[in-house]
Protein chains: 2
Amino acid sequence: MTGQRHDLGASFARLTRMMIDAETPILRAHEIEMWDYTVLSALESAAAPTQAELAAAVHRDKTRLIPILDRLESRRLLSRTPDPTDRRNRVVALTDEGRAVLASCRVDIRAMEAEFLASVPPAKRRTFIEVLNQLADLTAPGRSQSDDRE
Amino acid sequence: MTGQRHDLGASFARLTRMMIDAETPILRAHEIEMWDYTVLSALESAAAPTQAELAAAVHRDKTRLIPILDRLESRRLLSRTPDPTDRRNRVVALTDEGRAVLASCRVDIRAMEAEFLASVPPAKRRTFIEVLNQLADLTAPGRSQSDDRE
DNA sequence: TATTGTTATACTCTATAACTATA
DNA sequence: TATAGTTATAGAGTATAACAATA
């Protein structure tokens, strides 16, 4: 613990704010909001079997998620279909159009990220991203541990 | 841009949340809140010549900063003294007691951070922290650039 | 009776605009 | 008149609790 000038929390918070500032105009150009993008991203790898599960994945409670889902569903970016097994559940899935919007946002965001990281030498950049992903996955790889408060 | 599994923003946001969750009980043990700690930290290297400047440094507007300053001043952790040059200004500075509280919080937070980073090999850890600090300082080293929105 | 999704209510937080004092 | 700090008001966001449908 030598040259650690800032608290990790302070650095992460500042970088989060910087990325939000950089992503907001990009997403606006694609006519979606930050939370829309978060939800679409959460559905990319697999559909959510339950709205409550999706809410936990994006760290919102199920109540606050509903208006977001309403908006995205009305724009045909995702679908809510009752689970035949248990008709109380609604499985949330990306539509083809939703997947396309997500992909085009992703392209622009990746470009922004590349520019943001441009000043970092490639080797260090790779290490940074590797460690970043490792740490970010520490408690929430598949929500296996006690990540359910909230 | 190869193995970059998550958006940078998503990773930073998750890590920020993890650090807040880890710091909150530590700060509570020292009987201060997150924003108290942020403000005290901002005053560590130098006193703030103006409340407005301090507010900008911690990314709050001057209005929302006031209750925090009131609380910290009443606990004698910082002082607000009128600037003789321009008596409208109040220069905000750490008291000895404030500096002591900050230092003891810092010890516990550093220990938490060390544990958090324990799974990362030392060389990678050093690189990670180096790049992290470099990136976090990109736009806000001394608030030299246009960091004044908000 | 318990649970999923939904809606409604109360509460907190945030943003904006006045107000006081200095300049 | 303009600015620093403060206070007050209005608005947005969040949390909690009730509700309907299904199990």
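Order of the sequence lines sets the chain letters (A, B, ...), proteins ahead of strands, with each chain counted from 1. Only a predicted model underlies this, so the values are computations on that prediction, with no experimental measurement involved. Heavy atoms only: backbone and side chains are in, while hydrogens, waters and symmetry mates are out.
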**Student:** Can you measure B:Arg60 atom CZ to D:dA4 atom C1' for me and round it to whole angstrom units?
**Tutor:** 19 Å
**Student:** Side-chain contact test, heavy atoms from C-beta onward, threshold under 4.5 Å: evaluate it for B:Trp35 versus B:Thr38 and give yes or no.
**Tutor:**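 They are in contact (side-chain heavy atoms under 4.5 Å apart), so the answer is yes.
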**Student:** For the backbone of A:Asn133 and the side chain of B:Arg5, can you confirm whether one donor and one acceptor N or O come within less than 3.5 Å of each other?
**Tutor:** no
**Student:** Just the rounded figure in Å: distance from P of C:dT4 to CG of A:Leu54.
**Tutor:** 14 Å
**Student:** To the nearest Å, how far apart are B:Asp61 CG and D:dT7 C1'?
**Tutor:**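 Rounded to whole Å, this separation is 13 Å.
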**Student:** So, does B:Arg80 get its side chain near the phosphate of D:dT6, meaning an N or O under 4.0 Å from OP1 or OP2?
**Tutor:** yes
**Student:** Just by distance, do the side chain of B:Thr24 and the backbone of B:Asp21 share a donor-acceptor pair under 3.5 Å?
**Tutor:**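 It does not hold such a pair.
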**Student:** Round to a whole Å and report the spacing from CG of B:Asp83 to C1' of C:dT22.
**Tutor:**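 To the nearest whole Å, that distance equals 12 Å.
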**Student:** Is B:Arg88 side chain donor-acceptor paired with the D:dT3 base, going by distance under 3.5 Å alone?
**Tutor:** yes
**Student:** Rounded off to whole Å, could you give me the CG-to-P distance for the B:Asp86 and D:dT3 pair?
**Tutor:**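 Interatomic distance, CG of B:Asp86 to P of D:dT3: 12 Å.
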**Student:** B:Arg87 side chain N/O closer than 4.0 Å to the phosphate oxygens (OP1, OP2) of C:dA23?
**Tutor:** yes
**Student:** What's A:Thr50 touching, base or sugar-phosphate or nothing? Going by heavy atoms closer than 4.0 Å.
**Tutor:** sugar-phosphate
**Student:** Is the distance from OP1 or OP2 of C:dT6 to the nearest side-chain N or O of A:Arg90 less than 4.0 Å?
**Tutor:**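 So the side-chain polar atoms of A:Arg90 do come within 4.0 Å of the phosphate oxygens OP1 or OP2 of C:dT6, strictly under.
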**Student:** How many whole angstroms separate atom CD1 of A:Ile68 from atom C1' of C:dT6?
**Tutor:**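 Distance, rounded to whole Å: 15 Å.
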**Student:** How many whole angstroms separate atom CD of A:Glu53 from atom C1' of C:dG5?
**Tutor:** 15 Å
**Student:** When the nearest nucleotide of DNA chain D is assigned to B:Thr63 and to A:Pro84 on a heavy-atom basis, which residue is associated with the more 5' position?
**Tutor:**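 The residue closer to the strand's 5' end, by nearest nucleotide, is B:Thr63.
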**Student:** Please report the shortest heavy-atom distance between A:Ile66 and A:Arg80, naming the atom on each side.
**Tutor:**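 What the structure gives for the nearest pair is O-NH1, 4.5 Å.
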**Student:** Quick one: which of D:dA4, D:dT7, D:dG5 gets closest to the side chain of B:Ala52?
**Tutor:** D:dG5
**Student:** If each of B:Lys62 and A:Thr85 is mapped to the nucleotide of DNA chain D with the nearest heavy atom, which maps nearer the 5' terminus, i.e. the 5' end?
**Tutor:**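 This one resolves to B:Lys62.
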**Student:** Indicate yes or no for a side-chain donor-acceptor contact from B:Gln51 to the backbone of B:Leu65 under 3.5 Å, with no hydrogens or angles considered.
**Tutor:** no
**Student:** Kindly say if B:Arg64 contacts the phosphate of D:dT7, meaning a side-chain N or O under 4.0 Å from OP1 or OP2.
**Tutor:** no
**Student:** In this structure, how many angstroms lie between the C1' atom of D:dA2 and the CG atom of B:Asn89, rounded?
**Tutor:** 13 Å
